[in-house]
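A short worksheet on the structure shown next.
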Number of protein chains: 2
Amino acid sequence: MPIQPSRNPSSSASETPVRGQRADARHNRARLLQAAREAYALNGADVPSSTIARRAGVGAATLYRHFPTRGSLIAAAFSEQLAECVAALDEALRDDDPGRGLWSVLTKVCRMQVEDRGFSAAFLEESPDDPDLHRERARAEAGLAQLVQRAKNTGQLRKDFDPSDVTLLLLANNGVVRQSPEVSLAASRRLLAYFLQSCRTTDGAPSLPQPAPLRLDDLYGPPHRTG
Amino acid sequence: MPIQPSRNPSSSASETPVRGQRADARHNRARLLQAAREAYALNGADVPSSTIARRAGVGAATLYRHFPTRGSLIAAAFSEQLAECVAALDEALRDDDPGRGLWSVLTKVCRMQVEDRGFSAAFLEESPDDPDLHRERARAEAGLAQLVQRAKNTGQLRKDFDPSDVTLLLLANNGVVRQSPEVSLAASRRLLAYFLQSCRTTDGAPSLPQPAPLRLDDLYGPPHRTG
DNA sequence: CCACAAATGGAAGAGGTCCTCCGCTTAGCG
DNA sequence: CGCTAAGCGGAGGACCTCTTCCATTTGTGG
């Protein structure tokens, strides 16, 4: 059963200010979100909360009142980007040409990873554990699977491509992104080019090893913390 | 001018204990190195020094006397792996089939990244700033360039492959590695398969975008620290 | 076996982040 | 305009890591 493009992609609860709070509180909340986005974009999400509070021109307590946990701030700060991803995916699903749709999604998301280091943190590294985020990730996963299947059907995508390979690309691209902006952009483009080229159907090509069980919603904290 | 395979690949000064120190000091040094390697292998190099000292069964001061800076410990702990890389490269340079040599180096290094999270830290993320390390990285860079050129000459490697693409692969693979060991292994294998497939000469293939200026010796700290 | 310097370990200072408490300010309603 | 509670900021406690200091232990050459 095909997924319906979502009607209002930016309805994430985290983004919508709570009704009935005082005007100054609403204002401060907005300033905090903006400060967080700016700070995260630069070097990822490992920024002291105090820095974000200072940039927003509010005290630490205000930050913690609005966003009790680290994850809630991250989730709220990136619900906009999440919406952008969902929109890109919806658009791709509407495209008559599934191959073009898939390339376009991959290109867009890779570019977002380059342009905003916090984006990767929000979706791959940190684990905000926000219900909205989980739901949207699951939706994205399903939409991607559908898009992948269609692209296989049209013969634009190799048959042994696995939806988890999208996650694989995102992780790989994330690894490439920790350089200066210009270098990151060039590196990401080149990585994507290599990847896409192998993804296209090449009948004589050797088959790939087993796909890795990478589901977006399983990716957690920096790594697999043991010890 | 072709590079000569190095005669004694494991002569890194960091590995060789200083002559003339007391037997217990030499012993503790060895215990520290082993503890560091074990701790780093698990989750990368962001392990508190105190943990390493405790695991080695020595006090914190002892650690700092032997390895005054974080970088010196990391560099010393991974000089063995570095030697392994250099050996793999030397072996590849001796191989009659440059393509096979190159694939083998890439496969080996990717696998090392999977099996030892500290390895990546030592070579890509942290900046131990050890003279030995710099020298060996430069040597590796040169050897790789040579191997790449040979593989192009035999027609096994696409003409627009750039030596920096090896670094690109290492970074990408590093991004894929932060999962459980089994998942990481599968993911890394699959990524490598995708990459290698595009690297093989395919005359009709679309050309790649500009290579990214990624030299092993330019990669620094987590990222491009601004702010 | 002894004396002495090398080497050690634990304590403690410095620095940084997370988060909470609490007295003060101010928006918003009547 | 004035009351009230929502909201605020900064101080400070808990925790963690890095690094140094120093009294004590221990290997070793004579």
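Naming convention: chains lettered A, B, ... in sequence-line order (proteins, then strands); numbering from 1 in each chain.
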Item to complete: Show your working on side-chain contact (heavy atoms from CB on, under 4.5 Å) between Arg111(A) and Glu115(A) and close with a plain yes or no.
Response: CA-CA 6 Å; Arg111(A) 190 180 188 106; Glu115(A) 284 171 355; 2.9 Å; yes
Worksheet item: Ser72(B) versus Thr69(B): any side-chain heavy-atom pair under 4.5 Å?
Response: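 Ser72(B) reaches Thr69(B) side chain to side chain.
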Discussion item. Please report the interatomic distance CG(Asn28(A)) to CG(Leu63(A)), rounded to the nearest 0.5 Å.
Written reply: 10.5 Å
Practice prompt. Nearest 0.5 Å please: distance from the CD atom of Glu38(A) over to the CG atom of Leu42(A).
Written response: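 Glu38(A) CD to Leu42(A) CG: 10.0 Å, rounded to 0.5 Å.
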Tell me the interatomic distance from [X], atom [atom1], to [N], atom [atom2], rounded to whole angstroms.
{"X": "Leu32(A)", "N": "dC8(D)", "atom1": "CG", "atom2": "C1'", "value": "12 Å"}
{"X": "Ile74(B)", "N": "dC18(D)", "atom1": "CD1", "atom2": "P", "value": "11 Å"}
{"X": "Arg54(B)", "N": "dT17(D)", "atom1": "CZ", "atom2": "P", "value": "9 Å"}
{"X": "Leu63(A)", "N": "dC8(D)", "atom1": "CG", "atom2": "P", "value": "11 Å"}
{"X": "Phe67(B)", "N": "dT8(C)", "atom1": "CZ", "atom2": "P", "value": "11 Å"}

Hey, does the side chain of [X] come within less than 4.0 Å of [N]'s phosphate (OP1/OP2), counting only N and O?
{"X": "His27(B)", "N": "dA7(C)", "value": "no"}
{"X": "Asn28(A)", "N": "dC8(D)", "value": "yes"}
{"X": "Arg65(B)", "N": "dT8(C)", "value": "yes"}

Discussion item. Which residues pass the side chain to side chain contact (heavy atoms under 4.5 Å, CB included) test with Asn174(B), not counting sequence neighbours?
Written reply: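 Side chain to side chain contact (heavy atoms under 4.5 Å, CB included) list for Asn174(B), sorted by chain: Gln113(B), Ser120(B), Leu124(B), Glu125(B).
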Item to complete: Using side chain to side chain contact (heavy atoms under 4.5 Å, CB included) as the criterion, list what pairs up with Ala35(B), not counting sequence neighbours.
Response: Ile52(B), Arg55(B), Ala56(B)
Restricting both atoms to N or O, compile the protein contacts to nucleotides 10-13 of chain D shorter than 3.5 Å, with distance only.
none

Practice prompt. Please list, chain by chain and in numerical order, all residues satisfying ring-ring contact (aromatic ring centres under 6.0 Å, His included) with Phe195(A), sequence neighbours excluded.
Written response: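 If we apply the ring-ring contact (aromatic ring centres under 6.0 Å, His included) test to Phe195(A), skipping adjacent residues, the hits are Tyr194(B).
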Worksheet item: Counting side-chain heavy atoms from CB outward, which of dT20(C), dG9(D), dT8(C) is closest to Tyr64(A)?
Response: dT20(C)
Worksheet entry | Atom CD of Gln149(B): over 12 foreign heavy atoms under 6.0 Å |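 Check passes, neighbour count above 12.
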Worksheet entry | Under 4.0 Å protein heavy-atom contact, by nucleotide of nucleotides 24-30 of chain D - B base, S sugar-phosphate only | --BSS--
Item to complete: Name all pairs fulfilling the ring-ring contact (aromatic ring centres under 6.0 Å, His included) condition that reach into residues 68-92 of chain B, sequence neighbours left out, sorted by first residue then second.
Response: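 Output for this query lists Tyr40(B)-Phe78(B).
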